[in-house]
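Notes follow once the structure below has been shown.
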Number of protein chains: 2
Amino acid sequence: MEFYHLRSFVVVAETKNLTQAAKRLCSTPPAISAHIKTLEQELDTALFVRSTKGMTLTEKGQLLLIKAQKTLDSAVDMVNLAADNQDELIGHFSLGLNQSIQALKGAEFIDNISENCPGISLQLQQSSTGKIMTEIQTGQMDGGYIYGEIPDGFTAIEIKQENITTIAPKNFASEKIITQLDLAQSMWITMEQYCPFDKVLKQKLGTSIQSKVQSAHDQSRLELVKNGLGLSFIELAVAEKEQLTGDIQIIPQLSFQMPLSFVVLTKRLNDPIVKALIQEINILWEAPL
Amino acid sequence: MEFYHLRSFVVVAETKNLTQAAKRLCSTPPAISAHIKTLEQELDTALFVRSTKGMTLTEKGQLLLIKAQKTLDSAVDMVNLAADNQDELIGHFSLGLNQSIQALKGAEFIDNISENCPGISLQLQQSSTGKIMTEIQTGQMDGGYIYGEIPDGFTAIEIKQENITTIAPKNFASEKIITQLDLAQSMWITMEQYCPFDKVLKQKLGTSIQSKVQSAHDQSRLELVKNGLGLSFIELAVAEKEQLTGDIQIIPQLSFQMPLSFVVLTKRLNDPIVKALIQEINILWEAPL
DNA sequence: CGAGGCGTTCAGAAATGATGAATTTAATTT
DNA sequence: AAATTAAATTCATCATTTCTGAACGCCTCG
């Protein structure tokens with residue numbers, strides 16, 4: 001049994017699909033299949049049930065998965081310790097941004113990193129809260145900015161409370177008083193499938209919102225609202241600027257604050273690169289250590 | 001980095017000697033050397049300082065060794081879990097005996113094992129407390145019987161308190177009253193370098209005992225005492241039987257009790273084979289679970 | 001100063017793992 | 001009912017890694 005067996009085991013368990021797992025591991029299905037098979041023989045235990053839909057863990061597989069993850073974590077821990085106190089950090093960090101680069105001080109951040117951690121190469125990736133979370137969880141991304149609550153397994157640094165407001169097309173209910181029911185029954189342009197604003201609105205409107213169009217891109221949502229396709233959310237400052245041009249209206253009843261946080265996987269807190277990045281994030285947003 | 005790198009790392013750290021490590025790993029020095037080298041490159045850290053005497057850990061190596069051991073333990077944990085609740089246990093157990101097979105109910109034990117755990121093959125190894133402890137620690141032996149205190153890292157089942165007495169040649173101080181000083185200054189035939197009886201005697205006689213001959217074998221010590229080479233310890237029952245033949249005398253002033261225990265490595269308590277063996281030991285000595 | 005340990009280097013040999021095409025299976029679609 | 005799709009697996013071949021045994025260099029010890 002070697003580490004690559006465990007890695008394959010864990011990834012196949014996550015993806016429930018050998019083909020995808022092979023892709024994620026930069027390998028091919030036959031190779032990963034052989035890993036699993038070898039592991040099963042060595043442990044003398046069936047880890048997965050195969051079907052044409054994919055591979056799902058057996059009960060014993062679920063138990064063993066936890067142990068396998070612990071073992072891999074332990075190995076990562078060792079590698080991290082080795083990298084600690086090394087003269088220069090060398091590595092790569094993929095950072096997810098759920099807002100514009102300007103809003104998240106991207107340029108300043110890059111400057112700081114290349115100044116303080118010249119060995120770390122940085123990749124900024126424009127994305128959305130939901131995608132950022134899943135990509136961090138699968139290891140495709142190392143950290144990022146997200147809105148809303150912090151899921152289990154993540155560690156967060158709260159950057160600020162963002163003022164969010166609702167915007168509507170200029171002519172939306174222009175002649176009557178806008179009721180909560182109006183808002184609840186309207187069509188919304190949400191940000192993504194699992195939108196952190198959704199929960200807030202459920203609390204406020206007592207119902208889930210209906211949405212047929214999603215866009216994680218601020219400017220796109222703004223454009224869609226302008227074209228009368230529905231309501232959406234946007235940062236207050238942006239909304240106010242746009243209101244001046246006169247194509248939208250702000251619905252102040254539905255304003256709220258939403259925490260913006262920088263998050264990484266808790267299990268990676270010992271990674272020296274993650275440590276360094278967290279320090280830089282703290283510097284960037286002027287929060288004390 | 002794979003498991004075999006860590007295994008080599010740990011064993012070399014233990015033996016401080018690449019050649020011995022290679023033997024213990026059933027491999028060759030160049031192979032193990034390459035493992036260490038690869039690991040050092042991958043971790044970008046010197047793990048050992050090489051000298052003509054052998055290999056000793058660097059400071060960082062000492063830190064990393066702990067992590068490496070944890071990782072390997074974690075993997076063993078997983079394998080153990082996999083083997084748990086398996087229909088039939090299959091494996092091998094090397095058992096160290098510090099007394100005669102009869103005294104430790106060897107035959108009955110073998111019977112029980114082959115009855116209750118037919119998949120486990122057993123190897124009995126006549127040895128001494130000290131050797132058994134070191135061999136268990138290095139993994140060459142899986143468990144065994146020892147006298148005296150239980151060292152760190154071991155888990156023990158106390159079997160009984162053995163009555164030990166001192167025997168002397170027939171003509172030893174036959175005409176005078178034997179004083180403690182006489183005993184302390186006499187030549188002793190001890191059992192081994194690190195003799196568990198030594199401590200007891202230190203307490204009783206207030207000094208360490210001098211010994212030029214060691215033998216872990218009861219009958220050999222008996223023979224040497226008979227030939228007037230010095231004093232020694234032996235189980236009371238054996239001594240009394242021998243006294244009848246008239247070649248030795250018992251020195252009842254120096255009798256004491258010594259715990260006899262079955263021990264295994266604590267870290268191996270989760271090993272299903274170890275679990276099974278412990279159960280059998282409990283049955284053998286009629287101790288409740 | 002020579003013998004014996006010890007770790008390392010090196011070239012060839014052996015073992016292992018990866019790959020891509022073909023196969024199998026079963027669910028889904030036409 | 002047939003065709004299609006998506007999934008895992010098998011297999012022969014290829015590429016890579018790893019192991020081995022001999023030779024080497026270094027140091028210590030008698």
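Quick note on labels: first sequence line is chain A, next is B, and so on, each numbered from 1.
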> Distance check: side-chain N/O of B/Thr19 vs OP1/OP2 of C/dG7, anything under 4.0 Å?
Replying inline: yes
> Are A/Glu135 and A/Arg24 ion-paired here, with the side-chain N under 4.0 Å from a carboxylate O?
Replying inline: no
> Which class fits the ring pair B/Trp188 and B/Phe233: parallel under 30°, tilted 30 to 60°, perpendicular over 60°?
Replying inline: parallel
> So, A/Glu2 and B/Arg7, do they make that salt bridge, N to O below 4.0 Å?
Replying inline: yes
>> For C/dC6 and B/Arg50 - does any side-chain N or O of the residue sit under 4.0 Å from the phosphate oxygens OP1/OP2?
In response: no
> Whole-Å distance between C/dA26 C1' and A/Leu18 CG?
Replying inline: 17 Å
> With a 4.5 Å limit on heavy-atom distance, are the side chains of A/Lys60 and B/Gln86 in contact?
Replying inline: yes
>> Rounded to whole Å, how long is the line connecting atom CD of A/Gln20 with atom P of D/dA8?
In response: 9 Å
>> Once you measure the plane-to-plane angle for B/His35 and B/His5, does it fall in the parallel (<30°), tilted (30-60°) or perpendicular (>60°) bin?
In response: perpendicular
> How long is the line joining CD of B/Glu2 and P of C/dT16, in whole Å?
Replying inline: 14 Å
> Nearest of C/dG7, D/dC29, C/dT28 to any side-chain atom of A/Lys53?
Replying inline: C/dT28
>> Counting the atoms with a prime plus P, OP1 and OP2 as sugar-phosphate, which does B/Tyr4 contact under 4.0 Å by heavy atoms, base, sugar-phosphate, or nothing?
In response: sugar-phosphate
> Going through the distances and angles, do A/Asp271 and A/Val76 end up as a side-chain contact (heavy atoms from CB on, under 4.5 Å)?
Replying inline: CA-CA 8 Å; A/Asp271 184 334; A/Val76 171; over 6 Å; no
> Has A/Asn17 got a side-chain N or O lying under 4.0 Å from the OP1 or OP2 atom of D/dA8?
Replying inline: yes
>> Can you list, in residue-number order, the parts of residues 26-38 of chain B that come under 4.0 Å of DNA chain D, counting heavy atoms only?
In response: B/Ser27, B/Thr28, B/Pro30, B/Ala31, B/His35
> Is any side-chain heavy atom of B/Tyr145 closer than 4.5 Å to a side-chain heavy atom of B/Ile132?
Replying inline: no
> Taking five pairs at each end of the helix from C/dC1-D/dG30 to C/dT30-D/dA1, what angle separates the two helix axes (nearest 10°)?
Replying inline: 20°
> Salt-bridged, A/Asp142 to A/Arg268, with N to O below 4.0 Å?
Replying inline: yes
>> Just the rounded figure in Å: distance from C1' of D/dT9 to CG of A/Leu47.
In response: 17 Å
> Would you say A/Val79 and B/Leu43 make side-chain contact, with heavy atoms under 4.5 Å?
Replying inline: yes
> Nearest-Å distance, CD (B/Glu42) to P (D/dT17)?
Replying inline: 12 Å
> Please give, in whole Å, the distance from D/dC19 P to B/Lys23 NZ?
Replying inline: 19 Å
> When the distance from NZ of B/Lys16 to C1' of C/dG7 is rounded to whole Å, what number comes out?
Replying inline: 17 Å
